[in-house]
Peer 1: 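Shown below is the structure under consideration.
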Amino acid sequence: MENQYIPGEVEAKWQEFWAQNESYRAEVLADKPKYYLLEMFPYPSGRIHMGHVRNYAIGDVVARFKRLQGCNVLHPMGWDAFGMPAENAAIEHGTHPGKWTYENIDSMRVQLKRIGLSYDWSREFATCDLDYYRWEQLIFLKMYEKGLAYKKTSNVNWCEDCQTVLANEQVEDGCCWRCHNQVIQKELDQWFFRITRYADELLDETWNLKGWPEKVLAMQRNWIGKSHGCEIEFVVKDSAAKVKVFTTRADTLFGATFMSLAPEHPLVDSLVSAQQRTEVEAFIAEVSRQDKLDRTSGELEKKGVFTGSYCINPLTGEELPVFLANFVLMDYGTGAVMAVPAHDQRDFEFAHKYQLPIRVVIQPEGASLTADALEEAMTGSGLLINSGKFDGISNEAAKEKIASFLDERNQGHMTVNYRLRDWGVSRQRYWGTPIPIIYCDSCGAVPVPEKDLPVKLPMDVEITGEGGSPLARHEAFLNVDCPTCGSPARRESDTFDTFVESSWYFARYACPQYAQAPLDTDEANYWMSVDQYIGGIEHAVMHLLYARFFTKVLRDLGMIEASEPFTNLLTQGMVCKETQRCAEHGWLYPEQVEEGKCTGCGKPVEIGRTEKMSKSKKNVVDPNELIANYGADTARLFSLFAAPPEKDLEWNEQGVEGCYRFLGRVWRAVHDNLDLLGSKADVAGLVGTTSELRRKTHQTIRKVSEDVDGRFHFNTAISSVMELVNAIYACDRKQESPEVLREAIESVVRLLSPFVPHICEELWQRLGYEGGIEKHGWPTWEDAALLTTEIELVIQVNGKVRGKVRVAADADNSVLEQAALSEANVVRFVAGKQVCKVICVPGRLINIVVSG
RNA sequence: GCGAGAGUGGCGGAAUUGGUAGACGCGCCAGAUUUAGGAUCUGGUGUCCCGUGGCGUGGGGGUUCGAGUCCCCCCUCUCGCACCA
């Protein structure tokens with residue numbers, strides 16, 4: 001290795017050094033504050049993409065910075081290794097999902113190591129490791145004991161393509177979040193986690209998560225969807241049946257003129273009169289044919305059908321016709337809505353369409369609404385009318401009054417309702433954690449006794465993609481004796497949703513080899529919670545909510561003290577790139593374009609919009625090639641420099657070049673000056689000395705420290721180091737003291753080391769230091785070095801800049817005023833006018849206010 | 001429709017508490033070096049008429065000595081949620 005910057009050599013050397021020295025191994029230490037930094041672990045698809053590079057580069061800066069600051073840093077990495085792509089690969093190529101997954105892990109580990117990330121690799125695990133999922137099975141058994149895991153028959157979202165169930169939040173626009181196939185409703189027996197038991201805590205804690213982006217918290221609150229209201233029972237006329245409704249508007253009960261039920265409502269069959277049956281069945285069939293996308297699209301025409309039954313308004317005794325309506329969802333509330341057309345827009349439209357009565361029961365202040373005159377529902381506040389003894393009171397007060405009146409008469413009560421549903425975790429898949437349950441004809445569903453864990457996923461399976469889960473056909477796996485009565489029984493063949501694994505992996509990193517329980521309580525309590533979690537915004541609801549839920553469950557099982565998994569959350573933006581398209585060949589990869597022409601046919605290429613990098617749009621950059629061309633340090637530097645972490649990053653090849661050039665500039669700044677620098681010990685003697693370069697050095701140390709610590713403004717931190725490098729190039733090396741020059745250069749190297757660790761380690765060594773750059777800690781700035789005797793002051797006249805003067809830093813206002821008023825250009829603007837006021841902002845500017 | 005965020009040069013972006021708008025980088029222009037190209041180094045680069053001047057942070061109004069930043073109205077874009085009873 002000579003005086004030329006050859007990234008490949010430098011990077012290989014230091015990656016080897018870090019591995020040999022186990023530089024990033026974490027262990028419990030009493031004398032340092034712990035800092036747990038975690039990036040969302042990847043699915044082992046086989047190749048890393050730029051999104052990973054960005055995510056992990058951001059995390060690595062924080063890890064290295066905290067370590068330099070003297071923290072005891074835990075920075076682990078592993079693999080979210082169960083899931084469908086492994087089975088799809090098995091179907092396509094005949095490779096066993098396990099083999100495919102572990103081979104992918106091996107190649108991705110190599111790629112990640114090539115980036116030079118400071119992980120404690122000794123803690124690595126994959127969620128498909130028996131030693132991981134066995135503990136998940138134990139957690140499930142404990143949850144089962146506490147009633148937190150239960151089985152129920154329900155209509156589930158079913159993807160025909162994946163042959164599996166999807167949670168509500170895994171359905172996007174009515175399609176499977178993974179394969180984008182149409183999702184249908186299917187009745188199945190399924191395992192659920194009772195996340196709703198934690199709904200209030202999950203909601204309330206969002207107000208304490210100060211280190212989370214408001215956006216994510218809002219999404220979670222929205223998702224939980226708590227609303228206060230009233231449950232009211234409506235007796236069905238000539239029947240013992242009662243229809244329960246949930247309403248947030250009990251104050252409008254006197255205005256209810258009909259009832260709307262979801263077509264899937266369980267009472268529908270008993271409510272339908274013989275006369276109406278044909279029509280109702282046709283309607284139900286029509287609605288069930290509509291996909292969920294259409295049904296929840298808002299644009300949908302409101303449609304319904306009369307059942308032939310009536311129910312009784314509990315307050316007025318009136319008979320209300322019961323309708324089925326396409327916009328009422330069985331998923332929310334009770335699946336039944338009391339319809340108040342005067343005060344609800346949907347009911348209003350529905351009433352008009354089917355000529356149902358409209359009765360105004362709330363009169364806004366100073367108006368007198370009549371039903372005939374209404375052009376839309378009146379949803380505002382006012383005083384009650386047409387409401388018997390409640391007339392005249394405000395509708396807000398009436399909500400509670402009417403509810404308690406109903407309560408007294410056993411016709412209803414105040415309640416809360418949540419949008420959040422329990423989490424369905426059964427998946428009809430092979431490559432996942434087996435659910436440890438045995439079905440016995442006489443004993444029912446029996447949990448696998450703890451001593452019989454783990455339930456191992458059998459390796460000898462045939463994966464064809466046909467006929468559902470391979471486990472359901474695997475007789476050797478299925479056949480088992482009932483643990484309770486000993487008679488022949490069958491195992492549960494479903495496996496867990498893979499979100500279960502990612503709901504507690506962060507805690508397992510504290511004690512990945514622990515063999516007695518899911519968590520070593522001491523280790524877990526030392527490291528948890530994660531101080532900083534970093535990942536994509538796309539996990540704002542699902543993964544982050546499930547992880548919060550699991551943490552609370554683990555706490556209540558006595559396995560951990562923490563209530564929340566992630567103290568601070570950073571959601572990084574996507575990596576985007578401009579798309580390119582050829583009229584003949586469609587989307588083109590960057591290398592298929594030369595000088596704006598398609599390499600296939602020579603036609604001009606159309607530049608499309610900038611979009612998230614994706615294979616389908618071919619606007620991807622392969623990190624492996626990038627690193628091969630420029631080195632890992634350049635790849636990291638560009639990911640960090642081009643945009644602040646939370647914003648989308650636009651990939652730009654020329655920007656990458658610029659970063660590479662900058663590293664070359666840093667490299668030369670060291671080598672070109674090595675002969676001038678003198679002994680390294682001299683730097684300590686500089687305390688108290690000032691010079692322009694030294695001031696710039698210490699300003700930069702302060703700026704970078706402040707930008708990195710908590711603010712994560714890596715782009716501005718890097719740009720300030722670029723300024724320092726520019727200052728080093730600009731200074732007159734013959735005039736500048738070698739010590740000041742050395743201090744400046746050393747500072748550049750030390751300040752850049754969290755961002756581009758390899759080159760900095762190398763330069764640090766070439767500057768005469770041994771044993772790695774981290775042991776020297778983070779540089780500190782000296783306040784005295786920031787001081788200047790003279791400053792430049794801006795002079796404004798009426799708020800416009802008219803001149804600048806150099807003044808003594810400690811000059812008082814009257815001196816400044818004098819200097820300002822005598823500056824030549826300022827004189828021009830003040831001449832002939834009256835000075836009304838002079839405003840001095842210390843260290844910044846003087847504003848002279850004139851009139852006339 | 002509701003909620004959150006954003007809108008600044010040719011481009012990515014900076015301006016942390018109301019105080020010189022455009023740091024830093026890319027691109028572009030010029031110069032130096034070089035047989036040439038590349039690389040490197042130096043300088044310039046918001047915009048408008050030649051200027052020491054005018055204009056300029058999506059648009060319009062306001063507060064202030066002073067507004068990218070605060071307040072009101074409007075437009076556009078992105079993300080999330082959505083017939084939520």
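Every chain is numbered from 1, with letters handed out A, B, ... down the list of sequences.
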Peer 1: Mind telling me if B:G51 is syn or anti? Syn here is a glycosidic angle within 90° of 0.
Peer 2: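 Here the answer is anti: the torsion falls beyond 90° from 0.
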Peer 1: In this structure, is the centre-to-centre distance between the rings of A:Phe258 and A:Phe350 below 6.0 Å?
Peer 2: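 Distance test on ring centres: under 6.0 Å, yes.
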Peer 1: Quantified in whole Å, what is the P atom distance between nucleotide B:U20 and nucleotide B:A67?
Peer 2: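 Nearest-Å result for B:U20 against B:A67 at atom P: 11 Å.
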Peer 1: Answer yes or no: is there a donor N or O on one side and an acceptor on the other, between the side chain of A:His228 and the main chain of A:Val416, under 3.5 Å?
Peer 2: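 Side chain of A:His228 to backbone of A:Val416: no pair is present.
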Peer 1: Each nucleotide N or O in nucleotides 23-26 of chain B that has a protein N or O under 3.5 Å away: list the pair and distance.
Peer 2:
unit_1 : atom_1 : unit_2   : atom_2 : d
B:A23  : O2'    : A:Glu723 : OE2    : 2.9
B:G25  : OP1    : A:Asn726 : ND2    : 3.3
B:C26  : OP1    : A:Arg661 : NH2    : 2.8

Peer 1: Quote, to the nearest angstrom, the C1' distance that separates B:G27 from B:G22.
Peer 2: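 Result for the C1' pair: 16 Å, nearest Å.
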Peer 1: Report all interatomic pairs (protein N or O, nucleotide N or O of nucleotides 53-56 of chain B) with separations under 3.5 Å.
Peer 2:
unit_1 : atom_1 : unit_2   : atom_2 : d
B:G53  : OP1    : A:Asn825 : ND2    : 3.4
B:G54  : OP1    : A:Arg802 : NH2    : 3.2
B:G54  : OP2    : A:Arg802 : NH1    : 3.1

Peer 1: Test your reading of the model: is there a side-chain donor-acceptor pair from A:Asn715 to the backbone of A:Ala642, 3.5 Å cut-off?
Peer 2: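 No: the side chain of A:Asn715 does not pair with the backbone of A:Ala642.
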Peer 1: Whole angstrom is fine here: how far is it from CG in A:Leu320 over to P in B:A85?
Peer 2: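 Atom-to-atom, A:Leu320 to B:A85, this comes out as 20 Å.
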Peer 1: On the nucleotide B:A82, are OP1 or OP2 found under 4.0 Å from the side-chain N or O atoms that A:Arg419 carries?
Peer 2: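 Answer is yes, contact under 4.0 Å.
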Peer 1: Is it true that A:Lys226 and A:Asp200 have a side-chain N and a carboxylate O under 4.0 angstrom from each other?
Peer 2: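 Looking at A:Lys226 and A:Asp200, the cut-off is met.
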Peer 1: Count the heavy atoms of every other residue, nucleotide or ligand shown that sit under 6.0 Å from CD of A:Gln345, and state whether that count exceeds 12.
Peer 2: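 Yes, the 6.0 Å shell around CD holds more than 12 heavy atoms from other groups.
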Peer 1: Atom pairs, N/O to N/O, protein against nucleotides 62-65 of chain B, distance under 3.5 Å?
Peer 2:
unit_1 : atom_1 : unit_2   : atom_2 : d
B:C65  : O2'    : A:Asn847 : ND2    : 3.3
B:C65  : O2     : A:Asn847 : ND2    : 2.6

Peer 1: Using whole Å, what does the distance between atom P of nucleotide B:G43 and atom OH of A:Tyr729 come to?
Peer 2: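 After rounding, the gap between these two atoms is 13 Å.
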Peer 1: What interatomic distance, in whole Å, is found between C1' of B:G80 and the corresponding atom of B:A30?
Peer 2: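 Here B:A30 and B:G80 have their C1' atoms 50 Å from each other.
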Peer 1: What's the spacing between A:Asn847 CG and A:Cys840 SG if we round to 0.5 Å?
Peer 2: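 Rounded to the nearest 0.5 Å, the CG-SG separation comes to 9.5 Å.
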Peer 1: Roughly how many Å apart are B:C74 and B:A82, using the C1' atom of each and rounding to a whole number?
Peer 2: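 About 25 Å, rounded to a whole number of Å.
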Peer 1: For the backbone of A:Leu217 and the side chain of A:Thr206, can you confirm whether one donor and one acceptor N or O come within less than 3.5 Å of each other?
Peer 2: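 Such a contact is absent between A:Thr206 side chain and A:Leu217 backbone.
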Peer 1: Quick one: A:Asn222 CG to B:G80 P, roughly how many Å, whole number?
Peer 2: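 In whole Å, B:G80 P lies 13 Å from A:Asn222 CG.
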Peer 1: Mind listing the residues from residues 333-352 of chain A sitting with a heavy atom below 4.0 Å of RNA chain B? Number order is fine.
Peer 2: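 Output list: A:Val337, A:Arg346.
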Peer 1: Once you apply a heavy-atom cut-off of 4.0 Å, does A:Pro644 come out as touching a base, just sugar-phosphate, or nothing?
Peer 2: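 Touches sugar-phosphate only.
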Peer 1: Rounded to the nearest 0.5 Å, how far does CD1 of A:Ile745 lie from CG of A:Leu763?
Peer 2: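 So the CG of A:Leu763 and the CD1 of A:Ile745 are separated by 10.0 Å.
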Peer 1: Going by an N to O cut-off under 4.0 Å, is there a salt bridge joining A:Glu723 and A:Lys703?
Peer 2: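 Salt bridge: no.
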Peer 1: In whole Å, what separates the C1' atom of B:G46 from that of B:A15?
Peer 2: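 About 16 Å, rounded to a whole number of Å.
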Peer 1: Roughly how many Å apart are B:G25 and B:G13, using the C1' atom of each and rounding to a whole number?
Peer 2: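 Between the two C1' atoms, the distance is 9 Å.
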Peer 1: Do the rings of A:His539 and A:His543 sit parallel, tilted or perpendicular, given the 30° and 60° boundaries?
Peer 2: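 The arrangement is perpendicular - the two ring planes meet at more than 60°.
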Peer 1: Please answer whether the main-chain N or O of A:Ala336 pairs with a side-chain N or O of A:His265 as donor and acceptor at a distance below 3.5 Å.
Peer 2: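 No; judged by distance alone, with no hydrogens or angles, the pair does not exist.
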Peer 1: What is the distance, rounded to the nearest whole Å, between atom CE of A:Met330 and atom C1' of B:C84?
Peer 2: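 After rounding, the gap between these two atoms is 14 Å.
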Peer 1: Would you say that A:Leu202 contacts A:Ile195 through its side chain, given a criterion of any heavy-atom pair below 4.5 Å between the two side chains?
Peer 2: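 Yes, side chains in contact.
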Peer 1: Does a side-chain N-to-carboxylate-O contact under 4.0 Å join A:Arg221 and A:Glu214?
Peer 2: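 Counted as a salt bridge, because a side-chain N and a carboxylate O are separated by less than 4.0 Å.
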Peer 1: If you measure from the C1' atom in B:G66 to the same atom in B:G3, how many Å do you get, rounded?
Peer 2: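 Approximately 35 Å lies between the C1' atom of B:G66 and that of B:G3.
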Peer 1: Under 4.0 Å from OP1 or OP2 of B:A39: is there any side-chain N or O of A:Arg668 that close?
Peer 2: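 Answer is no, no contact under 4.0 Å.
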Peer 1: Please tell me which of A:Lys647 and A:Asn417 maps to the more 5' nucleotide of RNA chain B, matching each residue to the nucleotide holding its nearest heavy atom.
Peer 2: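 Nearer the 5' end of the strand: A:Lys647.
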Peer 1: Need one value for A:Lys703: base, sugar-phosphate or nothing, where a base atom within 4.0 Å counts as base even if backbone is also close, heavy atoms only.
Peer 2: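 A:Lys703: base contact, heavy atoms under 4.0 Å.
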Peer 1: Just how far, in rounded Å, is P of B:G7 from CG of A:Asp648?
Peer 2: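 That distance rounds to 13 Å.
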Peer 1: For RNA chain B, report each stem as range with range, ordered by first number, or say none. Use Watson-Crick or G-U wobble pairs under 3.5 Å, at least 3 in a row.
Peer 2: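 The stems that RNA chain B takes part in, listed by first number, are B:1-7 with B:75-81, B:10-12 with B:24-26, B:27-32 with B:40-45, B:46-48 with B:53-55, B:58-62 with B:70-74.
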Peer 1: Pairs of donor and acceptor atoms involving the side chains of residues 654-665 of chain A, under 3.5 Å and at least two apart or interchain, shall be tabulated with distances.
Peer 2:
unit_1   : atom_1 : unit_2   : atom_2 : d
A:Glu657 : OE2    : A:Tyr630 : OH     : 2.8
A:Arg665 : NH2    : A:Asn726 : OD1    : 2.9

Peer 1: Take atom CG of A:Asp331 and atom P of B:A82, then tell me their distance rounded to the nearest Å.
Peer 2: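 So the CG-P distance, A:Asp331 to B:A82, works out to 11 Å.
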Peer 1: If you measure from the P atom in B:G53 to the same atom in B:C65, how many Å do you get, rounded?
Peer 2: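 Looking at atom P only, B:G53 and B:C65 are 24 Å apart.
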Peer 1: Let me see the working for A:Phe283 and A:Lys303 under side chain to side chain contact (heavy atoms under 4.5 Å, CB included), right down to the final yes or no.
Peer 2: CA-CA 9 Å; A:Phe283 179 73; A:Lys303 274 187 173 177; 4.0 Å; yes
Peer 1: Once you round it to whole Å, what is the distance between P of B:C79 and CD of A:Gln572?
Peer 2: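 Rounded to the whole Å, the gap is 17 Å.
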Peer 1: Does atom CD of A:Glu538 have more than 12 heavy-atom neighbours, drawn from other residues, nucleotides or ligands, at distances under 6.0 Å?
Peer 2: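 Counting neighbours around CD of A:Glu538, more than 12 heavy atoms of other residues, nucleotides or ligands fall under 6.0 Å, so yes.
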Peer 1: Can you tell me the distance, in whole Å, between the CZ atom of A:Arg249 and the P atom of B:C84?
Peer 2: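 Result: 13 Å.
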Peer 1: Hey, are A:Asn417 and A:Ser227 close enough side-chain-wise for a donor-acceptor pair under 3.5 Å?
Peer 2: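 Looking only at side-chain atoms, A:Asn417 and A:Ser227 do not form any donor-acceptor pair under 3.5 Å.
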Peer 1: Using a 3.5 Å distance criterion without hydrogens, assess whether the side chain of A:Asn798 forms a donor-acceptor pair with backbone atoms of A:Val850.
Peer 2: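 Yes.
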